[in-house]
Number of protein chains: 2
Amino acid sequence: MNLKNKITNKLQSSKLRPTKQRKKIAEFLFNREKTFHFTAEELNKIINKKDSSEKISLATIYNTIDAFKKAGHLKEILTNNNKSFYDTNVSSHHHFFDIETNELEDINYNDIKVVNLPHAPKGKKIQDVEVTLTVKKS
Amino acid sequence: MNLKNKITNKLQSSKLRPTKQRKKIAEFLFNREKTFHFTAEELNKIINKKDSSEKISLATIYNTIDAFKKAGHLKEILTNNNKSFYDTNVSSHHHFFDIETNELEDINYNDIKVVNLPHAPKGKKIQDVEVTLTVKKS
DNA sequence: AAATAGTTTATAATGATTCTAAAGTAATAG
DNA sequence: CTATTACTTTAGAATCATTATAAACTATTT
Ligand SMILES: [Mn+2]
Ligand SMILES: [Mn+2]
Ligand SMILES: [Zn+2]
Ligand SMILES: [Zn+2]
């Protein structure tokens with residue numbers, strides 16, 4: 001199956017209509033080897049670079065990120081920044097976070113071991129375990 | 001030494017003039033046993049409750065949080081929320097973060113062990129190690 | 001082909017935070 | 001002390017990220 005069909009399938013099986021806009025964004029986000037970390041504004045800039053024949057509105061960028069997140073294709077990341085960061089790697093994994101440049105870098109889940117996990121507060125359950133290694137210029 | 005003097009000292013030794021506003025905020029934030037996690041808006045509401053004889057402007061709330069953070073008396077916390085959270089516990093420690101209610105709860109540093117820390121990317125050094133256990137209603 | 005349900009868009013609205021510049025206060029110098 | 005200086009507070013405006021609105025558009029179903 002070719003890329004276009006794969007993307008269309010992915011959208012349809014998430015009950016998202018494969019519109020021109022969603023296909024373009026999905027193709028950009030999900031057709032890659034390495035994890036991509038981004039903000040809505042960054043994605044907007046990249047998708048709507050000069051050449052791009054047809055522009056996608058900022059509202060659609062936000063809507064699409066939200067739809068992809070709800071469908072489980074994107075994950076929101078914890079940072080101390082006041083804009084939201086998203087991650088194309090939706091499996092459990094860890095990060096380096098450069099507090100000076102706001103850059104994120106993946107750490108494989110198995111490269112860090114977290115032992116002695118405490119119990120969740122009563123009435124709650126643990127949903128995810130994230131380790132963030134805050135880094136800065138040395 | 002009494003509380004007022006302790007607070008004044010803390011401010012002066014951080015090169016912050018002990019103004020009425022800073023003393024009131026510092027007394028509220030730092031005179032407690034348990035860690036306090038808050039946003040600027042929450043702190044503003046609490047400090048400026050009905051009775052409070054003299055109001056402190058929202059700008060000053062923001063300025064003061066910033067000054068205290070720079071002085072190392074407050075720490076900013078990583079969340080996926082688009083408002084900043086601050087922590088009166090400035091030592092290294094971990095958190096439960098309820099993604100439904102945005103509530104934070106401390107986990108003692110020694111209650112979790114993180115083993116096999118990877119090296120920081122070249123040119124960078126690890127500044128902090130934070131584990132966040134995302135939780136939700138079970 | 002028509003009806004429908006869902007989507008995109010420009011634009012307005014909101015919410016959090018930062019900026020501005022004038023008035024006020026703490027620290028310092030005389 | 002008193003005057004000078006440096007820093008701080010404040011109301012309000014400005015900015016930035018995000019969400020809401022509602023009309024035009026498009027994919028899907030009938
Ligand atoms: Mn954040
Ligand atoms: Mn955040
Ligand atoms: Zn990642
Ligand atoms: Zn804490």
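Numbers restart at 1 for each chain; the letters A, B, ... are given by sequence-line order, proteins then strands.
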Quiz item: With respect to the side chain of A:Arg22, which nucleotide from C:dT17, D:dT18, C:dT7 is positioned closest?
Solution: C:dT7
Practice problem: Could I get the full list of salt bridge (Lys or Arg N to Asp or Glu O under 4.0 Å) partners for A:Asp106, not counting sequence neighbours? | Solution: none
Quiz item: Salt bridge between B:Lys20 and B:Glu54, side-chain N to carboxylate O under 4.0 Å?
Solution: yes
Quiz prompt | Options D:dA11, C:dT11, D:dA17, nucleotide nearest the side-chain atoms of A:Ala59 | solution = C:dT11
Quiz prompt | N or O in side chain of A:Tyr62 less than 4.0 angstrom from D:dT19 OP1/OP2 | solution = no
Quiz item: To the side chain of B:Ile56, which of D:dA17, D:dT10, C:dA16 is closest?
Solution: D:dT10
Quiz item: Taking CG from B:Asn48 and P from D:dT9, how many angstroms apart are they, rounded to a whole number?
Solution: 13 Å
Could you write out each protein N or O paired with an N or O of nucleotides 13-15 of chain D at a distance under 3.5 Å?
none

Quiz item: With A:Asn31, which residues qualify under side chain to side chain contact (heavy atoms under 4.5 Å, CB included), at least two apart?
Solution: A:Leu3
Quiz item: Going by atom types only, do A:Ser91 and A:Asn89 share a side-chain donor-acceptor pair under 3.5 Å?
Solution: yes
Quiz item: Any donor and acceptor pair, going by atom type alone, linking the side chain of A:Asp98 with main-chain N or O of A:Leu104 inside 3.5 Å?
Solution: no
Quiz prompt | Which residues share a side chain to side chain contact (heavy atoms under 4.5 Å, CB included) with B:Ala71, sequence neighbours left out | solution = B:Ser14, B:Leu16, B:His73
Quiz item: Taking only residues two or more places apart in sequence or in another chain, which ones pass salt bridge (Lys or Arg N to Asp or Glu O under 4.0 Å) with B:Lys6?
Solution: none
Practice problem: Please figure out whether A:Thr60 or B:Ala40 has its closest DNA chain C nucleotide nearer the 5' end. | Solution: A:Thr60
Self-check item: Listed nucleotide nearest any side-chain atom of B:Asn82, set D:dT18, C:dT17, D:dT10
Solution: D:dT18
Quiz item: Is it true that a side-chain atom of A:Asn2 and a backbone atom of A:Asn5 form a donor plus acceptor pair closer than 3.5 Å?
Solution: yes
Exercise. Scan residues 6-20 of chain B against DNA chain D and write down, sorted by residue number, each residue with any heavy atom closer than 4.0 Å; if none is found, say none.
Key: B:Arg17, B:Thr19
Quiz item: How would you label the contact of B:Thr39 with the nucleic acid (heavy atoms, under 4.0 Å): base, sugar-phosphate, or nothing?
Solution: nothing
